[in-house]
Protein chains: 2
Amino acid sequence: MGRRSDHTPDALRELLIGCGHDLMAERGFAKFSAREAARRAGYSVGTIYNVFGGLDAYLIAVNSRTFREWSAWLEEALAATSGDGDARVAALVRAYFAFADANRNAWMAIYDHRIDRTTTIAKQDEAAREALTGIVDREVTRWLGHADEPATRRLVRSLIATVHGHCALWLSGSYALMREEDPAGQALARVMEALSAHSGRAAPS
Amino acid sequence: MGRRSDHTPDALRELLIGCGHDLMAERGFAKFSAREAARRAGYSVGTIYNVFGGLDAYLIAVNSRTFREWSAWLEEALAATSGDGDARVAALVRAYFAFADANRNAWMAIYDHRIDRTTTIAKQDEAAREALTGIVDREVTRWLGHADEPATRRLVRSLIATVHGHCALWLSGSYALMREEDPAGQALARVMEALSAHSGRAAPS
DNA sequence: CACACAACTGAACACTGTTCAATTAAAAAT
DNA sequence: ATTTTTAATTGAACAGTGTTCAGTTGTGTG
């Protein structure tokens, strides 16, 4: 078959990303198959290589969709929160976990896909990934009550790593949190301790 | 070829685990191949299935070796530390990172291999995994200066998750810590803040 | 020495990623 | 309206994977 008019280039791109994202959600990274994703879109393997240039780029595109959904999820949760600083941070951490829980396979795939340092990520996809850091940055700055300093940026990254660690070990079912009933609560406790230490306020016990 | 007397059952087990571990260290989880591991041991694929019963069990055995090496590494670092409580905790966190850095592929493979909840882990391998938690438990209890309570155990798991998160994002080269020069230092800072909050002492800024 | 057993093999199967010559629909030129 | 050109799409080919299992062959026993 030759050139088809079923979809415009952009629509085809979106279609393939959509099918890939769905497949990732049901099967997980280990059992993901580009062939199967293409099949579901009504195309054949080669098309994925045509459109994205390679499997890595395709996976990056699929995972970037997850990033976008994740950011939107967090913003919604924050918008639905009417409260002071502490409540907003709590809502953010809880929403972080809730999204990962509701999209286990897709969420884990983000970290399962190891990107070779030589592979360049499309600008738009890079932005989708940085949007998440941006949200945390904004909320932490808001909580601290002062402008964004280099020290705050370092802290933000560290807080993300802290929450990530709890969430990752929780979803992977690792040894650490097997008997922990509220990993999000533990992550939140660590975040509040860190924030308190950086503001001079006392940490809530 | 039939029964050979090259190796006793135990020796063969160890040989296969050793070759698998080496291969994992050079190639990483994604490019690991049971065929290749068997080839290097001088056996064929089927033998791995004979000895371990399946690929999952083999990978668990391989990763458990990494766990054992990791524990030994941490104990050595602690033994070489002559200092007070803070220094021991610092040594522990630094050694955690140093091991992961020196054994990137093998360390990441531990978390890359998702174990189906139905798969049962051999008792000895389970023990190897829990040994690490045990070390942290012991050191945290020592730092806090009081006996092991349920609350302490929860904190220990949370601290492990905190350090894990920093280490994982660092090694995966993720967005969060790309420009962070000392992720271990950040993890340590978070750990000390948490420990301080749980002891009543002031957190060091 | 023959037998029986268990260890070990490797071909078979169904899948994967990746490449690329061939095909063919649509657009452009006649 | 017909031909030519262009580019999108295919799918067979290749090398690799995990997994199974009938068959082969060393080794210990009767």
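Throughout, protein chains are lettered first and strands after them, A, B, ... in sequence-line order, and every chain is numbered starting at 1. Just so you know, these numbers come straight off a predicted model, no measurement behind them. Values below: all heavy atoms of this structure, side chains included; hydrogens, waters and symmetry mates excluded.
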Over how many whole Å does the gap from Ile48(A) atom CD1 to dT16(C) atom C1' extend? 13 Å
Out of dT19(C), dT10(D), dT17(D), which nucleotide sits closest to the side chain of Tyr43(A)? dT10(D)
Taking NE2 from His7(A) and C1' from dA7(D), how many angstroms apart are they, rounded to a whole number? 18 Å
Can we say Arg190(A) and Glu193(A) salt-bridge, meaning some charged N sits less than 4.0 Å from an Asp/Glu carboxylate O? yes
So side-chain hydrogen bond (donor to acceptor under 3.5 Å, both in side chains) across residues 49-59 of chain A, not counting sequence neighbours, yields Asp56(A)-His113(A)
Using atom OH of Tyr49(B) as one end and atom P of dG18(D) as the other, report the distance to the nearest whole Å. 6 Å
Please figure out whether Asn50(A) or Glu36(A) has its closest DNA chain C nucleotide nearer the 5' end. Glu36(A)
Please compare Asp6(B) and Asp56(B) by the position of their nearest nucleotide in DNA chain D and report the one closer to 5'. Asp56(B)
Base-paired stems in DNA chain D, each at least three Watson-Crick or G-U pairs under 3.5 Å: C:1-30 with D:1-30
Do we get Arg104(B) above Trp170(B)'s six-membered ring, with its NZ or CZ under 6.0 Å from the centre and within 45° of the axis? yes
Salt-bridge contact Arg65(A)-Glu14(A) (side-chain N to carboxylate O under 4.0 Å): yes
To the nearest 0.5 angstrom, please state how far the CE atom of Met108(A) sits from the CG atom of Asp112(B). 10.0 Å
Determine the contact category for Gly53(B): base if any of its heavy atoms lies under 4.0 Å from a base atom, sugar-phosphate if only primed atoms, P, OP1 or OP2 are that close, otherwise nothing. nothing
To the nearest Å, how far apart are Arg39(B) CZ and dC8(C) P? 18 Å
Please state how far atom CZ in Phe29(A) lies from atom P in dG17(C), giving the value in whole angstrom units. 10 Å
Nearest to the side chain of Arg4(A), heavy atoms from C-beta on, is which of dT9(D), dT16(C), dT18(C)? dT9(D)
Ser158(B) side-chain N/O to Arg154(B) backbone N/O, donor-acceptor pair under 3.5 Å: no
I'd like to know if Arg94(A) pairs up with Asp101(A) as an ion pair, taking the criterion as any Lys NZ or Arg NE/NH1/NH2 lying under 4.0 Å from an Asp or Glu carboxylate oxygen. no
d(CG, Leu12(A); C1', dA8(D)) in whole Å: 10 Å
Determine whether the aromatic ring centres of residues Trp73(A) and Tyr96(A) are separated by less than 6.0 angstrom. no
Roughly, in whole Å, what's the span from CG in Leu59(A) to C1' in dG17(C)? 11 Å
Got a list of protein N/O to nucleotides 10-12 of chain C N/O distances below 3.5 Å?
{"from": "dA12(C)", "atom 1": "N6", "to": "Arg35(B)", "atom 2": "NH2", "distance (Å)": "3.1"}

Within 45° of the six-membered ring axis of Phe29(B) and under 6.0 Å from that ring's centre, is NZ or CZ of Arg114(A) located there? no
What is the distance from CZ of Phe32(B) to C1' of dT16(C), rounded to the nearest Å? 17 Å
Among the candidates dT16(C), dT19(D), dT17(D), find the nucleotide nearest to the side-chain atoms of Leu55(B). dT19(D)
